[in-house]
Amino acid sequence: MHKLLKRQIKRKYPVAELPQELQELTQAISDAYSDFDNERTLLERSLELVSDELNQRNAELRNRLLELEDTFHQLGSSMAVLDSIFDATGEAIFAFDNNGRLIRFNRAAQSLLSLPKVGEVYGNSKIKLLLYKLLKEPANFFFELRKLNANPTTNLFGVVALKDQQLFEYHSSPQLSNDQLVGRVWCFRNVTQLKENEATIQFQAFHDALTQLPNRVLMLDRINHAIALSRRTNDLVAILFLDLDHFKKVNDTAGHQLGDELLIEVSRRIKSCLREYDTLARFGGDEFVVLLENIKSHQFASQTCQRIIHQLKKPFDLEGQVFHISTSIGVSIYPRDDDEPEELIRKADLAMYHAKENGRSHFEFFDKPLERMAHFQLELENKLRAAIKKHELSVYYQPQVDIREFKVRRVEALLRWFPEDGKPVPPSDFIPVAERAHLIGKIGYWVLEQACLQVKEWQSVGIENIRVAVNLSAQQFVGKKLVEDVKELIKKYGIEGRLLEFEITESILLEDLENVKEVLLELRKMDITVAIDDFGTGYSSLKYLQKLPIDSLKIDRSFIRELAENPNNKSIVNTIISLGHNLNLSVVAEGVEDKKMVAFLCERQCDFIQGYYFYKPMPVEEVTKILAQES
Ligand SMILES: Nc1nc2c(ncn2[C@@H]2O[C@@H]3COP(=O)(O)O[C@H]4[C@@H](O)[C@H](n5cnc6c(=O)[nH]c(N)nc65)O[C@@H]4COP(=O)(O)O[C@H]3[C@H]2O)c(=O)[nH]1
C-alpha cells in the first residue's frame, strides 16, 4: 500500500483492521497514489531534462553571443585599420556605384579632387566638372572612359597629366558581387617624381654627364635618321670628328675641375658655330662629334670646320687662368664615304688622326688612300704584336765617336725588326705603330733592359765607361713608371746610372713640360744623362733648354746631310754647336756620312760624331769587337 495512504488510514483506524470492502477501495486508492507518484516522478524527470537542455542551449547561446561580440569587435578594429590604411595610402581611391555616383573615397582622393566632405555621396556630373578643372586634357580622359560603355567589366590603365604638370597613373577595375557588376573602383597614383626619374635615367643613358651633350648612342641614332632623310632628299650628311690638341696638358697642370670647365666652354663654342638642328655629341675625353644634316656641298662642312678651329684657337679664360688649345678635325661624308653610321664615324676619326699628324689645328677629309694606309698600319700592328711574341725584335748599337781622341765613348741603342719571313721593317715605320697601339711601353722597357744588360756584360769583359743612349717615346713619360723601371733595372744589373743616356725629342717636352721636368730631375738624381734628339727640327726654345736638366744636343741629320751644299745648314749647325757649348751641353752630330762633314764638325768643335762615315748601327757582337779593340 502507498505509504501516504497507510499513514492516513492508521490515523483514522489505529487498531482495527479495515473492513474488507474498504480494503479493496484503499487498494484502489493506493494504486492511484502510486500511479500519481510515478507520473509526477516522470514529469519531474522530464522537466529536469528539459531544463538541462535549456540551460545547455542557453550557455551555448551565451558563448555564441560572446564569440559574436568578439568577432564584431575584431571586425570593428579591422575596419578601423582598413579605414586608416584607406585614408593613409598615398593613392587616391574612388568607389563608384553603377549609376556613376561616387559613394566612397579616401583622403588622398578627397584632396586630389578637392572634395568638400568625406563620407558624402557625389553625383556623376559633379565629379565630371571637377575632373574638367583638374586634368590637362580632360577630353582625352573621357574618351578613354567611353570604352567602359562597350565593355563595363574591363580594366583600365593609363597616365593622366594635371594642369599643374603633375602626372597620375590610374588603374580602374570593376566591382563584382556574385558575378554582378555593382560598381567600379579607381586608384590614382602620383607618378610625377617617378616619371621625372625615368626621364633623368633615360637622359643619362643618351647624354654625356659633364656637357649634357648627346653621347655616342644618341649620335648613332641621329646619324641613322639623317641618312634615312638624305636618301629621300639627296642631300649630304657630314660627320666631323674633333679631338682637342693639348687638352691633356690643361687637365694635368690645371686640374680636372678646370679641365671640365674647359670642356663645357669648348662645347659651347662649337655649338656657336653650328646651325640649330645640327647635333653635337661628346664621345668622352676630349673627343667631340658633329653631325651636319641636309647639306648641299662639302664646302659647307669645310666652312664649319674653319669656324670651329677659329673659335677654339681663341684663348680660354678660366678662373683667371688663360689656356690655349686647338682642335684637329676629320670629316667623312655620306654618301661618298659610307652609308653606315659607325663606319662614317670611324672614317672621320681616321681623317682626324691624319689631320693631327700633319700639324695640329687643321681639318682633313677622309679619302681612300687614308683608308689604305690605316689598313696597312693595322696589319703592321698585328704583325708587330706577333713579332714581340716570336722574339723578332733585336737591338743594334751605333757608336758615337769622341772627336777629341777619335775614340768611341758612347753608343746609341737602335731597335731592329727582322721578320722571319720578310724584309726588315725600319723603326720609322713600326715605332709610330707601336706608339699608336700602346705597345711602345712594353717594347721600350725591353730595349732599356737590353741596354742595361749590355753595359753589365761589357763591364764583365773589361769594356768600361761606355755610355748607352736609349730612345724614349712620349708615352713612356706618362706617370712615374719610367723612373720606377729605371731604378729597378739599374739595381737588378748593378750598373751605374751615368752609363745610361736617354734621347728625347723636342716634341716630348712640348707634351707636358712640368711632368717631363719632374721625370728628368728624378733621372738626374740617378746620374742618368739626357740628350735632345733631332735638335733643330722642332719647337726649339731656349727657355726649356735652360730650365731642364739636359746634357746633350743631337743635331738632326737633315742639317748635316746638306752641309756642304746648303750655307743655311752650315750656319744652323754652327749656331747649335755654340748654343750647346754656351749652355754647357755636349753636342752630337748624327748622320755624318763623309769626310767633309767630319772636317767641318771638327773645325767647329762638335763633341761627338755619329754616322755611317765611322760606323753604321750593328749587332751587339760587332760593336763589342770594336769596343774591345779600343779599350
Ligand atoms: N742616312 C743615315 N742615317 C743614319 C746615319 N747614322 C745614323 N743613322 C740613322 O739615324 C737614326 C738615328 O736615330 P734617331 O735619330 O734616334 O731616330 C730613331 C729613333 O727616333 C727611332 N728609334 C729607333 N730605336 C728606337 C727605340 O728603341 N725606341 C724608340 N722610342 N725609338 C727608336 O727610330 C728612328 C730611326 O732609327 P733608325 O732607322 O735606326 O735610324 C737611326 C740611324 O740608323 C747616317 O750616316 N746616314
Side-chain angles (χ1 to χ4, degrees), residues 380 384 387-388 392-401 408 410-418 423-454 467-478 481-482 485-486 489 500-509 511 516 530-538 552-564 569 573 576 587-598 600-601 606 608-620 622-623:
L380 202 61
L384 182 59
I388 297 171
E392 289 178 353
L393 299 181
S394 60
V395 177
Y396 269 36
Y397 295 88
Q398 185 176 29
Q400 294 175 353
V401 177
V408 179
R410 305 173 177 182
V411 292
E412 179 180 359
L414 291 160
L415 199 53
R416 291 292 176 263
W417 177 7
F418 298 109
K423 285 195 302 185
V425 186
S428 49
D429 281 358
F430 72 82
I431 298 263
V433 172
E435 285 172 343
R436 213 165 298 165
H438 298 284
L439 290 169
I440 196 68
K442 191 175 170 191
I443 295 176
Y445 180 84
W446 181 76
V447 173
L448 182 62
E449 179 155 25
Q450 295 305 302
C452 294
L453 180 76
Q454 210 44 62
R467 182 187 290 175
V468 182
V470 174
N471 287 281
L472 286 183
S473 286
Q475 273 175 39
Q476 294 176 268
F477 264 87
V478 180
K481 180 137 186 3
L482 179 67
D485 285 351
V486 180
L489 288 174
L500 276 184
E501 178 161 85
F502 285 126
E503 291 191 11
I504 59 173
T505 57
E506 289 166 292
S507 54
I508 291 185
L509 302 179
E511 286 288 325
V516 172
V530 172
I532 305 287
D533 204 2
D534 308 336
F535 190 77
T537 53
S552 308
L553 297 182
K554 288 191 81 179
I555 310 171
D556 189 64
R557 63 177 190 270
S558 60
F559 302 119
I560 306 289
R561 200 181 321 141
E562 292 165 22
L563 208 52
N569 281 3
V573 170
I576 296 176
V587 182
V588 185
E590 60 182 353
V592 179
E593 291 185 347
D594 61 40
K595 219 174 171 175
K596 271 195 224 155
M597 293 176 189
V598 177
F600 177 84
L601 293 163
C606 179
F608 289 89
I609 289 181
Q610 178 182 352
Y612 294 176
Y613 178 74
F614 288 115
Y615 303 104
K616 285 194 168 181
M618 57 187 85
V620 66
E622 279 181 43
V623 80

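Here the structure is a predicted model, which is why all the values come from computation and not from measurement. Atoms within a ligand are numbered from 1 in the order they appear, just like the ligands themselves. Nothing fancy with the numbering, it's 1 onward along the sequence.
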Should the proximity of [X] to ligand 1, defined as any heavy atom under 4.0 Å, be assigned to the side chain, the backbone, both, or neither?
X: Pro617; answer: side chain
X: Val447; answer: side chain
X: Asp533; answer: side chain

Ligand 1 atoms in contact with [X] (distance to a heavy atom under 4.0 Å):
X: Gly611; value: 6 (N), 45 (O)
X: Glu503; value: 16 (O)
X: Asp534; value: 15 (O)
X: Gln398; value: 6 (N), 7 (C), 42 (C)

Mutual orientation of the aromatic rings belonging to Trp417 and Phe430 [parallel < 30°, tilted 30-60°, perpendicular > 60°]
perpendicular
Check contact between Ser473 and ligand 1, using heavy atoms of the residue and a distance below 4.0 angstrom.
yes
Determine, using heavy atoms of Gly444 and all atoms of ligand 1, whether some pair is separated by less than 4.0 Å.
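Heavy atoms of Gly444 never come under 4.0 Å of ligand 1.
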Nearest protein heavy atom to [atom], by residue and atom, and its distance?
atom: atom 24 (N) of ligand 1; answer: Leu415 N, 3.1 Å
atom: atom 23 (C) of ligand 1; answer: Leu414 CD2, 3.7 Å
atom: atom 32 (C) of ligand 1; answer: Ile431 CD1, 3.5 Å
atom: atom 33 (O) of ligand 1; answer: Pro427 CB, 3.5 Å
atom: atom 46 (N) of ligand 1; answer: Glu593 OE2, 2.5 Å
atom: atom 29 (C) of ligand 1; answer: Asn471 CB, 3.4 Å

Under 3.5 Å between some N or O of ligand 1 and some N or O of Tyr612?
yes
So, do Phe614 and Pro399 sit near enough that their side-chain heavy atoms are less than 4.5 Å apart?
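No, too far: nothing below the 4.5 Å cut-off.
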Closest to atom 10 (O) of ligand 1 among Glu412, Glu590, Arg557 (heavy-atom distance):
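Looking at heavy atoms only, Arg557 sits closest to atom 10 (O) of ligand 1.
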Nearest heavy atom to atom 39 (O) of ligand 1 wins, so pick from Arg416, Arg561, Gln400, Gln610.
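It is Arg416 that holds the nearest heavy atom.
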